[in-house]
Student: 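Shown below is the structure under consideration.
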Protein chains: 2
Amino acid sequence: MAAILTERRLFILKLVVQQFIETATPVASEALVRKFGLGFSSATVRNDMAALEDVGYLTHLHTSAGRVPTDAGYRFFVENLMDRTSLSLAEQRMIRHQFYQVRGELDQWIQLAGAVLARTAQNASLVTPPRAEQLRFKNLELISIHDTMVLVVLVFHGGIVKQQTFSVDTARSAEDLRRSASRISDCLIDMTMCQVEDVIAQDSLQATPCFGEFDHGVIDLVIHAMQTFEEQAREQIHSDGLLEMLSQPEFIPSLARDDAERAVERLRRALEILKSGRGLGQLIPQALASDGVQVIIGGEHGEDEMREYSVVLARYGVGGTVTGVLGVIGPTRMSYPRSISTVRYISSLMSNLLGDLYAGETRPPFEGDHQ
Amino acid sequence: MAAILTERRLFILKLVVQQFIETATPVASEALVRKFGLGFSSATVRNDMAALEDVGYLTHLHTSAGRVPTDAGYRFFVENLMDRTSLSLAEQRMIRHQFYQVRGELDQWIQLAGAVLARTAQNASLVTPPRAEQLRFKNLELISIHDTMVLVVLVFHGGIVKQQTFSVDTARSAEDLRRSASRISDCLIDMTMCQVEDVIAQDSLQATPCFGEFDHGVIDLVIHAMQTFEEQAREQIHSDGLLEMLSQPEFIPSLARDDAERAVERLRRALEILKSGRGLGQLIPQALASDGVQVIIGGEHGEDEMREYSVVLARYGVGGTVTGVLGVIGPTRMSYPRSISTVRYISSLMSNLLGDLYAGETRPPFEGDHQ
DNA sequence: CTTTAGCACTCACGCATGAGGAGTGCTAAG
DNA sequence: CTTAGCACTCCTCATGCGTGAGTGCTAAAG
């Protein structure tokens, strides 16, 4: 059985994968020689295909159906056979331009990244917001909305901003609020959540008169905000491009070779994955921990729900400061070259953008920002 | 032709609509008498159904299929026949509790409202963020991120906050930034976008030394932010509950009485509507302009894409200050009583929450708690 | 030993056919 | 006006068959 993978057989594998990615229909031996004008006959191709099937790179659902790549086949293709391309310069320029138009607005970057990934790779996309491993407090502003309502604007290192309203018993002047804010800011500056909690615990024990009742209310809110923020940071996945993915033939019943019921069920499944991020659980932290573009094909990571899907992920961000993950998700029959180059480009672009934001802030905190 | 709508016929219409809403299958005369133990025979029901069909409240696709309500039938049902219910107290309490948990975080309200609407009405939901007709400037903070990068936090009336980063040529001290911010804030306070533009135009003409170059940069950014904000305010529709809607039988091929292809096509259509808000265009401003819960059934508003969907909308917000729209969207065969009561409850809840935020800002702060 | 032509075989797909059944429309009697 | 009875319509599902694409195998040629 030990079939030998000659040069030609790998070439045929490459063609089969490419062809299947393009047409979404099982590829026949005859069709290959016709389309590519191969120098040998369809019978030869059939023999080679049979060999590739022995090794586990191809299958076919029944006799008299063309060949289809297996997960292992895709894997081999991605690692050894694929032409590594980049996005065209025109595309790159267009994407850069779009990001330029929303310069300064970080939340827009995320949205835009999702949209661009989806459009360019013609599949669904996912983007997690950039997060520091540990939120570090930077600044706090208190703005009166009216008598008993105060808006708290929390600024963390890395330009992460969170706003929250806060109701109080007695009205306070703007000047009062300002003083309170700078008192608290001075005290908490550069602290992580744990540190803030410690300080507060100490202050409570010693009943330092440093903070008033109002101040303590604000600080409680800060802690609460930091907690919830860190919690949901891990969960939060922004996804987009469902529509793009749905225009792939596997979701169009008339084109899907299995029946329409399947197509719908598949679709519902896809939606659930995207919405809840179920089945992606391990992938994100994994991608955060590694460099370069990761490709997870079909059932490779065990999640049964994902068996029909592949994911192309990359980390983006600055050093160890602030990082996120972005990627493309679609049927295993997706264009890996295109997805990979898209993900690679966008992640490096986002890294650069974030880099500008953080240039002065990374490790050496020499600028200190003392008020 | 001129069929008279007797009491009994209307009762039958009511039963047919309710039954169809419940089962999603055409309702047969025989089935009605059996299920409800009516005091008359199926033949009588058939006659009445025929009469209701003459008036245009029912149809059937072919002989030997049960009756199905038309858009007009649903309309009549909603306006005259429906039992007007409210959400159960337990449900209300649960919902209030969820909102309580995210008190203070306005963006979370919107997300939560969408999720709750979807879950409670078992259909898709849409929520627009609360917007003032005119953005009014309130406050501005400048926070240094690092040497050449400044974070601008804009606060508008009604607790609307927008943040943006801004790169500058020369580093500035925190004190410098603070003074600049308060200079600009003082000058622009309470202004609408147009007014800000006027002030700047005058200042430029007269070359008042009041603002420095840096200040002008910030103000340009303020104007730009206000513009884009107002523009995208109209567009921005937050939608949720696709999955809930998709669990309705019209989207499940094996249950849909037409073939599976249709179900998928329908689904794709629904997705497009929800994502882009196409087909909803006129509805939102319309809902903003009117009070109470609006029900738009099927093709009533002309948009062909929406022919198979109904929308239940309500305005929420405070007086003329700050308003948004929220609602439920689903197949025409949705439970109108439930959707309407859900939408009514959530909109009044959101109005109250916003009311608290604005109490001091609107004219006479009155507990608008009556629904 | 590899390649190739030839051919039988397999299996999905499309289409027609027919039985079964649900539900109506009509008619005539109560 | 109501209702029983019945013919009629038309969907649904299962069955069967022809068709064609594509393979697997075999035997001969390179």
Side-chain angles (χ1 to χ4, degrees), chain A residues 1-9 11-12 15-16 19-20 23-35 37-54 58-69 253-263, chain B residues 1-12 15-16 19-20 23-35 37-54 57-69 253-263:
Chain A
M1 271 304 126
I4 306 157
L5 291 183
T6 63
E7 198 73 16
R8 192 186 60 206
R9 286 179 177 171
F11 181 60
I12 287 178
L15 290 184
V16 170
Q19 191 64 13
F20 185 65
T23 63
T25 41
V27 356
S29 55
E30 183 66 34
L32 268 195
V33 297
R34 229 185 314 112
K35 171 142 188 179
L38 302 177
F40 35 87
S41 79
S42 67
T44 312
V45 175
R46 272 202 294 284
N47 286 334
D48 287 346
M49 280 175 161
L52 288 164
E53 189 164 349
D54 279 349
L58 295 180
T59 359
H60 54 164
L61 322 172
H62 56 271
T63 4
S64 102
R67 292 309 206 296
V68 168
S254 53
L255 297 181
R257 68 202 166 295
D258 50 12
D259 77 303
E261 302 241 353
R262 284 275 169 75
Chain B
M1 268 290 154
I4 306 157
L5 292 183
T6 64
E7 199 72 15
R8 191 186 61 207
R9 286 179 177 170
L10 295 182
F11 179 61
I12 287 176
L15 290 184
V16 170
Q19 191 63 13
F20 185 65
T23 63
T25 43
V27 355
S29 55
E30 184 67 33
L32 268 195
V33 299
R34 229 186 314 112
K35 172 142 188 182
L38 302 178
F40 35 87
S41 79
S42 68
T44 311
V45 175
R46 271 202 295 284
N47 286 335
D48 287 347
M49 280 174 161
L52 287 163
E53 190 164 349
D54 279 351
Y57 288 166
L58 295 178
T59 356
H60 54 165
L61 322 172
H62 56 270
T63 0
S64 104
R67 292 311 206 295
V68 168
S254 52
L255 298 181
R257 69 203 167 295
D258 49 14
D259 78 301
E261 301 239 354
R262 284 276 168 76

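A note on names: the letters A, B, ... follow the listed sequences, proteins ahead of strands, and every chain is numbered from 1.
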Student: Mind calculating the distance between CG (A:Asp48) and C1' (C:dT4) to the nearest angstrom?
Tutor: 13 Å
Student: Send over the distance from B:Phe40 CZ to D:dT2 P, rounded to a whole Å.
Tutor: 9 Å
Student: Report yes if some heavy atom in the side chain of A:Leu52 is under 4.5 Å from a heavy atom in the side chain of A:Arg67; otherwise report no.
Tutor: no
Student: Give me the atom names and distance for the closest heavy-atom approach of B:Thr25 to B:Phe20.
Tutor: O-CD1, 3.3 Å
Student: Would you check if B:Thr6 and B:Arg9 make a side-chain contact, meaning some heavy-atom pair closer than 4.5 Å?
Tutor: yes
Student: Going 5' to 3' along nucleotides 23-30 of chain C, which nucleotides have protein heavy atoms under 4.0 Å from the base (write B), which only from the sugar-phosphate (write S), and which from neither (write -)?
Tutor: BBB-----
Student: Compare all side-chain heavy atoms of B:Leu15 with those of B:Leu38 and state whether any distance is below 4.5 angstrom.
Tutor: yes
Student: Just to verify, what does B:Arg34 make a side-chain hydrogen bond (donor to acceptor under 3.5 Å, both in side chains) with, not counting sequence neighbours?
Tutor: none
Student: Quick one: are B:Ile12 and B:Phe40 in side-chain contact, heavy atoms under 4.5 Å?
Tutor: yes
Student: Please write out the pairs of protein N or O atoms and N or O atoms of nucleotides 28-30 of chain D separated by less than 3.5 Å, giving the distance to one decimal.
Tutor:
none

Student: How long is the straight-line distance from CG of A:Leu5 back to CG of A:Asp48, given to the nearest 0.5 Å?
Tutor: 9.5 Å
Student: Answer yes or no: does atom CZ of A:Phe11 have more than 12 heavy-atom neighbours from other residues, nucleotides or ligands under 6.0 Å?
Tutor: no
Student: In whole Å, what is the span from the CG atom of A:Leu61 to the C1' atom of C:dT10?
Tutor: 14 Å
